[in-house]
Amino acid sequence: MFDGMQRRVVSLWFPRLASDRVLRGCSFEGPFALTLKQSNANRLYCLNAVAEAQGLHRGMSHSDARAFCPDLKTAVAVPPEDQRFLHALCRWAKRYCPWVGLEGQDGLVLDVSGSAHLLGGEAQMLRDMRARLLRAGLTVRAGVADTRGAAWALAHHDEGIAAPGEMLPALRALPVAALRLDAGTATALARLGLRTIGDLADAPRAPLTRRFGPEVLMRLDQALGQQPEEITPLADPPHYGVRLTLPEPIGLVDDVRAGVQRLLTQLCAKLKAQQAGARKLCVTLRRVDQDHQQVELRLARPLRDAQRILPLFERGLAEVDAGFGIDQLRLEATQVEALPAEQVTHVGSGQAGQLEDLVTRIGTRIGLENIQRFLPADSHIPERSFIVAPAAYSEPAGGWSRLTPRPLCLFPPEPIAGQGPEPPARFRWRRMSLTTGRATGPERIAPEWWLEDDNWRSGLRDYWQVETVQGRRLWLFYTPQNPGWFVQGEFA
(Lines give C-alpha, C1' and ligand atoms only; values in the text may rest on other atoms or scores of the structure.)
Protein backbone atom coordinates (compact mmCIF):
# COMPACT_ATOMS: atom_id res chain seq x y z
CA MET A 1 0.00 0.00 0.00
CA PHE A 2 1.34 3.43 -0.90
CA ASP A 3 1.99 5.97 1.84
CA GLY A 4 -0.90 8.34 2.34
CA MET A 5 -3.50 6.05 0.74
CA GLN A 6 -6.66 5.73 2.84
CA ARG A 7 -7.17 2.15 3.92
CA ARG A 8 -10.64 0.73 3.18
CA VAL A 9 -11.93 -2.66 4.26
CA VAL A 10 -14.99 -4.64 3.18
CA SER A 11 -16.53 -7.27 5.46
CA LEU A 12 -18.86 -9.85 3.91
CA TRP A 13 -21.00 -11.94 6.26
CA PHE A 14 -22.96 -14.96 5.06
CA PRO A 15 -25.48 -15.58 7.87
CA ARG A 16 -26.95 -18.65 6.14
CA LEU A 17 -23.82 -20.00 4.47
CA ALA A 18 -24.44 -23.69 5.21
CA SER A 19 -28.14 -23.78 4.32
CA ASP A 20 -27.62 -21.62 1.23
CA ARG A 21 -24.92 -23.99 0.02
CA VAL A 22 -27.25 -26.98 0.28
CA LEU A 23 -30.26 -25.20 -1.21
CA ARG A 24 -28.24 -24.07 -4.22
CA GLY A 25 -28.49 -27.62 -5.53
CA CYS A 26 -32.21 -28.15 -4.84
CA SER A 27 -34.98 -25.60 -4.98
CA PHE A 28 -37.17 -25.62 -1.84
CA GLU A 29 -39.54 -22.86 -0.83
CA GLY A 30 -40.59 -24.11 2.61
CA PRO A 31 -38.84 -24.06 5.99
CA PHE A 32 -35.45 -25.77 5.84
CA ALA A 33 -32.69 -26.34 8.37
CA LEU A 34 -29.44 -28.22 8.77
CA THR A 35 -28.93 -30.23 11.95
CA LEU A 36 -25.74 -31.10 13.80
CA LYS A 37 -25.28 -33.48 16.71
CA GLN A 38 -24.14 -31.54 19.77
CA SER A 39 -23.94 -32.98 23.30
CA ASN A 40 -25.76 -36.15 22.19
CA ALA A 41 -28.67 -34.16 20.76
CA ASN A 42 -29.53 -33.05 17.24
CA ARG A 43 -29.77 -29.28 17.14
CA LEU A 44 -30.48 -26.78 14.40
CA TYR A 45 -27.20 -25.62 12.88
CA CYS A 46 -28.29 -23.30 10.06
CA LEU A 47 -31.75 -22.22 8.86
CA ASN A 48 -33.21 -20.53 5.82
CA ALA A 49 -35.26 -17.34 6.05
CA VAL A 50 -38.60 -19.17 6.00
CA ALA A 51 -37.66 -21.29 9.02
CA GLU A 52 -36.47 -18.23 10.96
CA ALA A 53 -39.71 -16.44 10.16
CA GLN A 54 -41.62 -19.26 11.85
CA GLY A 55 -39.76 -18.74 15.14
CA LEU A 56 -36.99 -21.33 14.81
CA HIS A 57 -33.44 -20.44 15.76
CA ARG A 58 -29.95 -21.88 15.88
CA GLY A 59 -29.23 -24.21 18.77
CA MET A 60 -32.86 -25.29 19.04
CA SER A 61 -33.34 -29.04 19.46
CA HIS A 62 -34.57 -30.88 16.39
CA SER A 63 -37.55 -32.39 18.21
CA ASP A 64 -38.72 -28.99 19.48
CA ALA A 65 -38.33 -27.51 16.02
CA ARG A 66 -40.49 -30.25 14.48
CA ALA A 67 -43.12 -29.65 17.15
CA PHE A 68 -43.22 -25.92 16.33
CA CYS A 69 -42.98 -26.46 12.57
CA PRO A 70 -44.23 -29.86 11.35
CA ASP A 71 -43.43 -28.94 7.72
CA LEU A 72 -39.73 -28.39 8.52
CA LYS A 73 -37.40 -30.18 6.11
CA THR A 74 -33.97 -31.00 7.50
CA ALA A 75 -30.64 -32.40 6.38
CA VAL A 76 -27.40 -33.23 8.18
CA ALA A 77 -24.84 -30.42 8.21
CA VAL A 78 -21.33 -31.07 6.89
CA PRO A 79 -19.08 -28.28 8.26
CA PRO A 80 -15.98 -29.34 6.24
CA GLU A 81 -17.99 -28.89 3.02
CA ASP A 82 -19.08 -25.45 4.23
CA GLN A 83 -15.46 -24.46 4.77
CA ARG A 84 -14.47 -25.67 1.31
CA PHE A 85 -17.30 -23.59 -0.11
CA LEU A 86 -16.11 -20.54 1.87
CA HIS A 87 -12.62 -21.03 0.45
CA ALA A 88 -14.14 -21.07 -3.04
CA LEU A 89 -15.90 -17.78 -2.26
CA CYS A 90 -12.56 -16.39 -1.12
CA ARG A 91 -11.06 -17.16 -4.51
CA TRP A 92 -14.11 -15.58 -6.20
CA ALA A 93 -13.71 -12.38 -4.14
CA LYS A 94 -10.25 -11.82 -5.59
CA ARG A 95 -11.97 -10.34 -8.62
CA TYR A 96 -12.35 -7.18 -6.49
CA CYS A 97 -8.95 -7.03 -4.80
CA PRO A 98 -5.89 -9.25 -4.25
CA TRP A 99 -6.06 -9.18 -0.43
CA VAL A 100 -8.90 -11.47 0.71
CA GLY A 101 -8.97 -13.35 4.01
CA LEU A 102 -11.38 -15.43 6.05
CA GLU A 103 -13.49 -13.85 8.79
CA GLY A 104 -14.46 -16.65 11.17
CA GLN A 105 -16.49 -19.58 9.86
CA ASP A 106 -18.96 -17.61 7.75
CA GLY A 107 -17.36 -14.43 6.47
CA LEU A 108 -14.73 -12.79 4.28
CA VAL A 109 -12.66 -9.65 4.74
CA LEU A 110 -11.28 -7.68 1.79
CA ASP A 111 -8.69 -4.89 1.72
CA VAL A 112 -10.04 -2.82 -1.19
CA SER A 113 -7.68 0.14 -0.70
CA GLY A 114 -7.06 1.69 -4.10
CA SER A 115 -9.25 -0.77 -6.01
CA ALA A 116 -12.84 0.38 -5.40
CA HIS A 117 -12.59 3.17 -7.99
CA LEU A 118 -12.03 0.53 -10.68
CA LEU A 119 -15.65 -0.55 -10.21
CA GLY A 120 -17.16 2.92 -9.96
CA GLY A 121 -16.74 3.49 -6.23
CA GLU A 122 -17.55 1.62 -3.04
CA ALA A 123 -21.33 1.83 -3.38
CA GLN A 124 -21.24 0.47 -6.92
CA MET A 125 -18.81 -2.26 -5.85
CA LEU A 126 -21.15 -3.40 -3.04
CA ARG A 127 -24.11 -3.45 -5.42
CA ASP A 128 -22.12 -5.63 -7.80
CA MET A 129 -21.14 -8.00 -4.98
CA ARG A 130 -24.71 -8.34 -3.73
CA ALA A 131 -26.10 -8.89 -7.22
CA ARG A 132 -23.62 -11.64 -8.07
CA LEU A 133 -24.05 -13.40 -4.73
CA LEU A 134 -27.83 -13.15 -4.97
CA ARG A 135 -27.75 -14.80 -8.38
CA ALA A 136 -25.66 -17.56 -6.79
CA GLY A 137 -28.37 -18.11 -4.17
CA LEU A 138 -26.42 -16.66 -1.23
CA THR A 139 -27.56 -14.31 1.52
CA VAL A 140 -24.92 -11.68 2.30
CA ARG A 141 -24.53 -8.63 4.53
CA ALA A 142 -21.74 -6.16 3.83
CA GLY A 143 -19.99 -3.30 5.56
CA VAL A 144 -17.26 -0.89 4.44
CA ALA A 145 -15.04 1.10 6.77
CA ASP A 146 -11.46 2.17 7.46
CA THR A 147 -10.83 -0.75 9.80
CA ARG A 148 -11.53 -4.43 9.92
CA GLY A 149 -13.41 -4.15 13.21
CA ALA A 150 -15.67 -1.33 12.01
CA ALA A 151 -16.46 -3.14 8.76
CA TRP A 152 -17.35 -6.29 10.72
CA ALA A 153 -19.62 -4.29 13.03
CA LEU A 154 -21.48 -2.72 10.12
CA ALA A 155 -21.88 -6.04 8.30
CA HIS A 156 -23.31 -7.81 11.35
CA HIS A 157 -25.41 -5.04 12.90
CA ASP A 158 -26.04 -2.20 10.44
CA GLU A 159 -25.22 -2.65 6.78
CA GLY A 160 -23.65 0.40 5.24
CA ILE A 161 -20.57 2.40 4.35
CA ALA A 162 -18.72 4.44 6.94
CA ALA A 163 -17.21 7.66 5.63
CA PRO A 164 -13.39 7.76 5.69
CA GLY A 165 -12.12 8.92 9.07
CA GLU A 166 -15.61 8.84 10.63
CA MET A 167 -15.56 5.51 12.46
CA LEU A 168 -16.97 6.62 15.81
CA PRO A 169 -20.01 8.46 14.37
CA ALA A 170 -20.82 5.42 12.22
CA LEU A 171 -20.52 2.97 15.14
CA ARG A 172 -21.79 5.06 18.06
CA ALA A 173 -25.35 3.68 18.01
CA LEU A 174 -24.37 0.02 17.56
CA PRO A 175 -24.44 -2.40 20.53
CA VAL A 176 -21.17 -3.30 22.25
CA ALA A 177 -21.50 -6.83 20.84
CA ALA A 178 -20.54 -5.29 17.47
CA LEU A 179 -16.98 -5.03 18.77
CA ARG A 180 -16.61 -8.84 18.47
CA LEU A 181 -16.91 -9.33 22.23
CA ASP A 182 -18.17 -12.58 23.70
CA ALA A 183 -21.74 -12.74 24.96
CA GLY A 184 -20.75 -12.75 28.63
CA THR A 185 -18.68 -9.58 28.34
CA ALA A 186 -21.39 -7.81 26.33
CA THR A 187 -24.00 -8.70 28.94
CA ALA A 188 -21.78 -7.50 31.79
CA LEU A 189 -21.20 -4.16 30.03
CA ALA A 190 -24.94 -3.76 29.44
CA ARG A 191 -25.60 -4.26 33.15
CA LEU A 192 -23.27 -1.34 33.83
CA GLY A 193 -25.26 0.84 31.43
CA LEU A 194 -22.71 0.58 28.61
CA ARG A 195 -25.05 -0.73 25.93
CA THR A 196 -23.68 0.98 22.83
CA ILE A 197 -20.24 1.62 21.40
CA GLY A 198 -20.76 5.32 22.04
CA ASP A 199 -21.37 4.66 25.74
CA LEU A 200 -18.21 2.57 25.89
CA ALA A 201 -16.11 5.20 24.07
CA ASP A 202 -17.24 7.92 26.51
CA ALA A 203 -16.59 5.84 29.65
CA PRO A 204 -13.35 6.13 31.69
CA ARG A 205 -10.80 3.65 30.40
CA ALA A 206 -8.96 2.77 33.63
CA PRO A 207 -11.97 1.21 35.48
CA LEU A 208 -12.88 -0.77 32.36
CA THR A 209 -9.36 -2.18 32.11
CA ARG A 210 -9.30 -3.16 35.77
CA ARG A 211 -12.64 -4.94 35.55
CA PHE A 212 -12.61 -6.52 32.08
CA GLY A 213 -8.95 -6.64 31.16
CA PRO A 214 -7.37 -5.18 28.04
CA GLU A 215 -9.54 -7.02 25.46
CA VAL A 216 -12.56 -4.67 25.56
CA LEU A 217 -10.57 -1.51 24.93
CA MET A 218 -8.35 -3.29 22.41
CA ARG A 219 -11.41 -4.20 20.33
CA LEU A 220 -12.69 -0.62 20.63
CA ASP A 221 -9.37 0.84 19.51
CA GLN A 222 -9.14 -1.60 16.60
CA ALA A 223 -12.60 -0.63 15.39
CA LEU A 224 -11.82 3.11 15.69
CA GLY A 225 -8.45 2.76 13.97
CA GLN A 226 -6.37 3.65 17.02
CA GLN A 227 -4.75 0.21 17.08
CA PRO A 228 -3.71 -1.65 13.92
CA GLU A 229 -5.27 -4.94 12.86
CA GLU A 230 -3.87 -6.79 9.91
CA ILE A 231 -5.72 -8.67 7.19
CA THR A 232 -4.01 -11.95 6.41
CA PRO A 233 -4.93 -13.07 2.91
CA LEU A 234 -5.75 -16.71 2.35
CA ALA A 235 -2.65 -18.35 0.97
CA ASP A 236 -2.85 -19.94 -2.45
CA PRO A 237 -2.73 -23.74 -2.35
CA PRO A 238 0.69 -25.18 -3.16
CA HIS A 239 1.26 -26.16 -6.77
CA TYR A 240 2.65 -29.64 -7.19
CA GLY A 241 4.20 -29.45 -10.63
CA VAL A 242 7.77 -29.57 -11.94
CA ARG A 243 9.19 -29.18 -15.43
CA LEU A 244 12.36 -30.22 -17.23
CA THR A 245 13.36 -28.61 -20.55
CA LEU A 246 16.03 -30.53 -22.42
CA PRO A 247 18.82 -28.96 -24.51
CA GLU A 248 18.62 -31.84 -27.01
CA PRO A 249 15.61 -34.04 -27.84
CA ILE A 250 15.51 -37.57 -26.42
CA GLY A 251 13.72 -40.65 -27.67
CA LEU A 252 14.91 -43.70 -25.75
CA VAL A 253 12.71 -45.13 -23.01
CA ASP A 254 15.68 -45.17 -20.60
CA ASP A 255 16.25 -41.45 -21.18
CA VAL A 256 12.59 -40.65 -20.60
CA ARG A 257 12.62 -42.77 -17.44
CA ALA A 258 15.70 -40.92 -16.19
CA GLY A 259 13.98 -37.58 -16.78
CA VAL A 260 10.85 -38.70 -14.97
CA GLN A 261 12.99 -39.94 -12.07
CA ARG A 262 14.63 -36.53 -11.78
CA LEU A 263 11.22 -34.82 -11.75
CA LEU A 264 9.84 -37.30 -9.23
CA THR A 265 12.66 -36.49 -6.83
CA GLN A 266 11.82 -32.78 -6.97
CA LEU A 267 8.07 -33.35 -6.72
CA CYS A 268 8.34 -35.72 -3.77
CA ALA A 269 10.45 -33.15 -1.94
CA LYS A 270 7.59 -30.63 -2.37
CA LEU A 271 5.06 -33.19 -1.17
CA LYS A 272 7.15 -34.04 1.87
CA ALA A 273 7.48 -30.37 2.83
CA GLN A 274 3.67 -30.08 2.81
CA GLN A 275 3.12 -33.50 4.49
CA ALA A 276 1.10 -34.61 1.49
CA GLY A 277 1.06 -37.59 -0.83
CA ALA A 278 0.08 -37.92 -4.48
CA ARG A 279 -2.89 -40.05 -5.51
CA LYS A 280 -2.84 -39.15 -9.20
CA LEU A 281 0.19 -38.17 -11.28
CA CYS A 282 0.40 -36.99 -14.86
CA VAL A 283 3.54 -36.82 -17.03
CA THR A 284 3.24 -34.58 -20.09
CA LEU A 285 5.82 -35.17 -22.82
CA ARG A 286 6.28 -32.45 -25.44
CA ARG A 287 7.74 -33.52 -28.73
CA VAL A 288 9.77 -31.33 -31.07
CA ASP A 289 6.80 -31.17 -33.47
CA GLN A 290 4.81 -29.51 -30.60
CA ASP A 291 2.62 -32.57 -30.15
CA HIS A 292 1.97 -33.68 -26.56
CA GLN A 293 1.54 -37.08 -24.98
CA GLN A 294 0.38 -37.76 -21.44
CA VAL A 295 0.97 -40.70 -19.14
CA GLU A 296 -1.38 -40.81 -16.14
CA LEU A 297 -0.80 -42.89 -13.02
CA ARG A 298 -3.44 -43.44 -10.34
CA LEU A 299 -2.09 -44.76 -7.07
CA ALA A 300 -3.84 -47.09 -4.64
CA ARG A 301 -2.71 -44.96 -1.71
CA PRO A 302 -1.01 -41.56 -1.23
CA LEU A 303 2.72 -41.78 -1.92
CA ARG A 304 5.72 -39.45 -1.96
CA ASP A 305 8.49 -42.01 -2.38
CA ALA A 306 10.14 -41.53 -5.77
CA GLN A 307 11.74 -44.99 -5.72
CA ARG A 308 8.34 -46.66 -5.28
CA ILE A 309 6.49 -44.49 -7.78
CA LEU A 310 8.98 -44.76 -10.67
CA PRO A 311 8.48 -48.51 -11.38
CA LEU A 312 4.73 -47.95 -11.49
CA PHE A 313 5.22 -45.63 -14.48
CA GLU A 314 6.99 -48.40 -16.41
CA ARG A 315 4.04 -49.59 -18.48
CA GLY A 316 2.85 -46.12 -19.45
CA LEU A 317 6.29 -44.83 -20.43
CA ALA A 318 6.96 -47.92 -22.56
CA GLU A 319 3.98 -47.01 -24.77
CA VAL A 320 5.14 -43.44 -25.47
CA ASP A 321 5.74 -42.54 -29.12
CA ALA A 322 8.72 -40.17 -29.07
CA GLY A 323 8.40 -39.27 -32.75
CA PHE A 324 11.34 -37.07 -33.73
CA GLY A 325 12.26 -36.56 -30.08
CA ILE A 326 10.99 -35.17 -26.78
CA ASP A 327 12.33 -31.81 -25.63
CA GLN A 328 10.28 -31.15 -22.48
CA LEU A 329 8.87 -33.22 -19.62
CA ARG A 330 6.34 -31.97 -17.12
CA LEU A 331 5.21 -33.88 -14.01
CA GLU A 332 2.18 -32.79 -11.98
CA ALA A 333 0.36 -34.28 -9.01
CA THR A 334 -3.24 -33.67 -10.06
CA GLN A 335 -4.76 -35.22 -6.93
CA VAL A 336 -3.12 -34.83 -3.52
CA GLU A 337 -4.09 -36.08 -0.07
CA ALA A 338 -2.70 -35.49 3.40
CA LEU A 339 0.12 -37.85 4.34
CA PRO A 340 1.55 -36.95 7.76
CA ALA A 341 4.91 -38.23 8.84
CA GLU A 342 4.94 -41.55 10.68
CA GLN A 343 7.30 -42.89 13.30
CA VAL A 344 9.74 -45.42 11.85
CA THR A 345 10.80 -48.28 14.12
CA HIS A 346 13.00 -51.36 13.85
CA VAL A 347 9.87 -53.52 14.02
CA GLY A 348 8.92 -52.78 10.40
CA SER A 349 8.75 -55.87 8.21
CA GLY A 350 10.02 -54.20 5.06
CA GLN A 351 6.95 -55.49 3.16
CA ALA A 352 4.77 -52.45 3.78
CA GLY A 353 3.20 -51.03 0.66
CA GLN A 354 3.61 -54.07 -1.57
CA LEU A 355 -0.14 -54.75 -1.63
CA GLU A 356 -0.89 -51.14 -2.59
CA ASP A 357 1.74 -51.28 -5.34
CA LEU A 358 0.16 -54.48 -6.67
CA VAL A 359 -3.27 -52.84 -6.67
CA THR A 360 -1.80 -49.89 -8.56
CA ARG A 361 -0.20 -52.14 -11.20
CA ILE A 362 -3.42 -54.06 -11.75
CA GLY A 363 -5.46 -50.86 -11.64
CA THR A 364 -3.50 -49.38 -14.54
CA ARG A 365 -4.87 -52.23 -16.67
CA ILE A 366 -8.45 -52.72 -15.46
CA GLY A 367 -9.13 -49.55 -13.43
CA LEU A 368 -8.72 -48.97 -9.70
CA GLU A 369 -12.49 -48.96 -9.15
CA ASN A 370 -12.71 -52.57 -10.36
CA ILE A 371 -10.45 -53.86 -7.57
CA GLN A 372 -12.75 -54.18 -4.56
CA ARG A 373 -12.74 -55.49 -1.02
CA PHE A 374 -15.41 -56.50 1.48
CA LEU A 375 -15.74 -54.43 4.64
CA PRO A 376 -17.85 -55.18 7.72
CA ALA A 377 -20.97 -53.09 8.25
CA ASP A 378 -22.81 -52.32 11.48
CA SER A 379 -25.86 -54.53 10.97
CA HIS A 380 -26.95 -57.96 12.21
CA ILE A 381 -28.93 -58.57 9.02
CA PRO A 382 -26.84 -60.97 6.88
CA GLU A 383 -27.41 -59.04 3.64
CA ARG A 384 -26.45 -55.77 5.32
CA SER A 385 -23.47 -57.01 7.34
CA PHE A 386 -20.96 -56.05 4.67
CA ILE A 387 -20.27 -53.44 2.03
CA VAL A 388 -18.20 -53.61 -1.13
CA ALA A 389 -15.70 -50.76 -1.54
CA PRO A 390 -12.84 -50.03 -3.97
CA ALA A 391 -9.61 -51.28 -2.41
CA ALA A 392 -7.73 -48.16 -3.47
CA TYR A 393 -10.08 -45.82 -1.61
CA SER A 394 -10.70 -47.78 1.59
CA GLU A 395 -8.72 -49.25 4.44
CA PRO A 396 -9.02 -52.86 5.62
CA ALA A 397 -11.15 -53.12 8.74
CA GLY A 398 -11.34 -55.68 11.52
CA GLY A 399 -13.29 -58.91 11.21
CA TRP A 400 -16.96 -59.38 11.89
CA SER A 401 -17.88 -59.74 15.55
CA ARG A 402 -20.34 -62.65 15.62
CA LEU A 403 -21.14 -65.25 18.28
CA THR A 404 -21.86 -67.84 15.60
CA PRO A 405 -20.02 -68.33 12.29
CA ARG A 406 -21.44 -66.94 9.08
CA PRO A 407 -21.03 -68.49 5.62
CA LEU A 408 -18.60 -66.95 3.15
CA CYS A 409 -21.06 -67.52 0.30
CA LEU A 410 -24.35 -65.64 0.64
CA PHE A 411 -27.12 -65.55 -1.96
CA PRO A 412 -30.82 -64.56 -2.07
CA PRO A 413 -33.04 -66.93 -0.04
CA GLU A 414 -34.02 -70.05 -2.01
CA PRO A 415 -37.14 -71.91 -0.78
CA ILE A 416 -37.06 -75.61 0.07
CA ALA A 417 -39.73 -78.04 1.24
CA GLY A 418 -40.02 -78.42 4.98
CA GLN A 419 -42.52 -78.30 7.83
CA GLY A 420 -42.19 -77.38 11.48
CA PRO A 421 -39.51 -75.39 13.30
CA GLU A 422 -36.91 -78.21 13.08
CA PRO A 423 -34.70 -78.56 9.96
CA PRO A 424 -36.17 -81.09 7.51
CA ALA A 425 -34.53 -84.51 7.56
CA ARG A 426 -34.56 -84.68 3.75
CA PHE A 427 -34.98 -81.89 1.22
CA ARG A 428 -34.16 -80.96 -2.37
CA TRP A 429 -32.03 -77.96 -3.19
CA ARG A 430 -30.73 -77.03 -6.63
CA ARG A 431 -31.83 -80.39 -8.08
CA MET A 432 -29.91 -82.26 -5.35
CA SER A 433 -31.48 -84.60 -2.82
CA LEU A 434 -29.84 -83.90 0.53
CA THR A 435 -30.10 -85.57 3.93
CA THR A 436 -29.52 -83.67 7.16
CA GLY A 437 -26.66 -85.18 9.16
CA ARG A 438 -26.27 -82.57 11.93
CA ALA A 439 -28.06 -79.28 12.63
CA THR A 440 -26.89 -76.49 14.96
CA GLY A 441 -29.20 -73.69 16.02
CA PRO A 442 -31.40 -71.86 16.03
CA GLU A 443 -29.99 -68.29 15.88
CA ARG A 444 -32.93 -65.92 15.87
CA ILE A 445 -32.51 -62.66 13.91
CA ALA A 446 -35.17 -59.98 14.06
CA PRO A 447 -35.70 -57.49 11.22
CA GLU A 448 -34.46 -53.93 11.58
CA TRP A 449 -37.83 -52.24 11.94
CA TRP A 450 -36.41 -48.78 11.27
CA LEU A 451 -35.45 -49.81 7.71
CA GLU A 452 -37.78 -50.87 4.95
CA ASP A 453 -36.68 -54.14 3.36
CA ASP A 454 -39.07 -56.24 1.29
CA ASN A 455 -36.94 -59.35 1.91
CA TRP A 456 -37.66 -59.18 5.65
CA ARG A 457 -41.40 -58.57 5.61
CA SER A 458 -41.96 -62.17 6.72
CA GLY A 459 -40.71 -61.20 10.20
CA LEU A 460 -38.37 -63.19 12.41
CA ARG A 461 -35.91 -65.73 11.08
CA ASP A 462 -34.45 -68.75 12.89
CA TYR A 463 -31.10 -69.66 11.30
CA TRP A 464 -29.59 -73.17 11.39
CA GLN A 465 -26.22 -74.55 10.37
CA VAL A 466 -26.97 -77.81 8.59
CA GLU A 467 -24.32 -80.39 7.68
CA THR A 468 -25.66 -82.84 5.11
CA VAL A 469 -24.61 -86.44 4.66
CA GLN A 470 -23.55 -85.56 1.11
CA GLY A 471 -20.96 -83.06 2.43
CA ARG A 472 -22.77 -79.78 1.89
CA ARG A 473 -22.71 -77.32 4.79
CA LEU A 474 -25.69 -74.99 4.36
CA TRP A 475 -27.18 -72.03 6.17
CA LEU A 476 -30.95 -72.48 6.46
CA PHE A 477 -33.57 -70.34 8.11
CA TYR A 478 -37.18 -70.83 9.16
CA THR A 479 -39.80 -68.07 9.26
CA PRO A 480 -42.18 -68.81 12.17
CA GLN A 481 -44.56 -65.93 11.42
CA ASN A 482 -45.03 -67.09 7.83
CA PRO A 483 -43.97 -70.78 8.01
CA GLY A 484 -41.40 -71.75 5.42
CA TRP A 485 -37.81 -72.97 4.98
CA PHE A 486 -35.09 -71.27 2.89
CA VAL A 487 -31.41 -71.71 2.08
CA GLN A 488 -29.39 -68.49 2.10
CA GLY A 489 -25.73 -69.48 2.31
CA GLU A 490 -23.12 -72.18 2.09
CA PHE A 491 -20.11 -72.67 4.34
CA ALA A 492 -16.74 -73.32 2.71
Side-chain angles (χ1 to χ4, degrees), residues 237-342 344 348-373 389-395:
H239 176 65
Y240 300 105
V242 288
R243 179 181 301 174
L244 176 63
T245 302
L246 304 170
E248 294 291 338
I250 61 175
L252 299 178
V253 175
D254 291 341
D255 295 338
V256 175
R257 186 188 302 111
V260 172
Q261 182 178 11
R262 182 174 175 180
L263 294 177
L264 272 173
T265 302
Q266 301 175 25
L267 179 63
C268 289
K270 286 187 176 182
L271 292 169
K272 185 176 181 181
Q274 299 292 332
Q275 292 195 357
R279 285 298 296 263
K280 186 185 297 184
L281 295 163
C282 182
V283 176
T284 303
L285 309 170
R286 189 185 71 182
R287 303 193 316 193
V288 293
D289 59 0
Q290 301 304 310
D291 189 18
H292 293 77
Q293 294 193 36
Q294 289 187 337
V295 178
E296 189 178 77
L297 177 66
R298 301 171 65 193
L299 300 172
R301 60 161 295 175
L303 286 180
R304 58 168 178 255
D305 186 350
Q307 299 302 319
R308 284 184 57 188
I309 297 175
L310 182 62
L312 303 176
F313 267 114
E314 195 71 31
R315 181 171 179 267
L317 295 179
E319 298 175 353
V320 170
D321 180 12
F324 293 102
I326 296 171
D327 62 358
Q328 188 182 88
L329 293 84
R330 187 173 187 275
L331 175 65
E332 183 180 7
T334 56
Q335 182 177 345
V336 177
E337 295 182 6
L339 184 62
E342 297 180 357
V344 179
S349 62
Q351 306 295 324
Q354 290 190 356
L355 176 60
E356 289 81 5
D357 293 349
L358 176 62
V359 172
T360 299
R361 292 179 185 275
I362 300 176
T364 57
R365 296 176 179 268
I366 66 173
L368 286 177
E369 293 80 4
N370 296 322
I371 306 173
Q372 300 177 333
R373 62 158 54 101
Y393 303 101
S394 60
E395 295 292 335

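Heavy atoms only: backbone and side chains are in, while hydrogens, waters and symmetry mates are out.
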Self-check item: Side chain Arg373, main chain Ala391, donor-acceptor under 3.5 Å
Solution: yes

Quiz item: Rounded to the nearest 0.5 Å, how far does CD1 of Ile326 lie from CG of Leu244?
Solution: 11.5 Å

Practice problem: Apply the test side chain to side chain donor-acceptor pair (under 3.5 Å) to residues Thr364 and Arg298: give CA-CA distance (whole Å), side-chain angles for both, the deciding distance (0.1 Å), then the verdict. | Solution: CA-CA 7 Å; Thr364 57; Arg298 301 171 65 193; over 6 Å; no

Quiz item: Can you check whether Leu267's main-chain N or O pairs, donor with acceptor, with Lys272's side chain at less than 3.5 Å?
Solution: no

Quiz item: Any chance CZ of Phe324 has more than 12 other-residue heavy atoms, nucleotides or ligands included, within less than 6.0 Å?
Solution: no

Quiz item: To the nearest 0.5 Å, how far apart are CG in Leu264 and CZ in Phe313?
Solution: 6.0 Å

Exercise. Would you confirm whether Asn370, through its side chain, and Ile366, through its main-chain N or O, come within 3.5 Å as a donor-acceptor pair?
Key: yes

Self-check item: Rounded distance (nearest 0.5 Å) linking atom CG of Leu339 with atom CG of Leu271
Solution: 8.5 Å

Quiz item: Is His292 reaching over with its side chain to a backbone N or O of Gln290, donor-acceptor style, under 3.5 angstrom?
Solution: yes

Quiz item: Salt bridge check: are Arg286 and Asp291 linked by an N-O gap of less than 4.0 Å?
Solution: no

Quiz item: For the residue pair Lys270 and Tyr240, what are the closest heavy atoms and their distance?
Solution: O-CE2, 4.1 Å

Quiz item: Donor-acceptor pair, Arg304 side chain versus Ala276 backbone, under 3.5 Å?
Solution: yes

Practice problem: With rounding to the nearest 0.5 Å, note down the distance linking CZ in Arg308 to CG in Asp357. | Solution: 4.0 Å

Quiz item: Got more than 12 heavy atoms from elsewhere within 6.0 Å of CD, Glu395?
Solution: no

Practice problem: Decide, yes or no, whether a salt bridge links Glu314 with Arg361 under the criterion of side-chain N to carboxylate O below 4.0 Å. | Solution: no

Quiz prompt | Leu299 side, atom CG; Glu337 side, atom CD - distance, nearest 0.5 Å | solution = 10.0 Å

Self-check item: Of Leu317, Val283, Leu312, the residue whose pairing with Leu297 passes side-chain contact (heavy atoms from CB on, under 4.5 Å)
Solution: Leu312

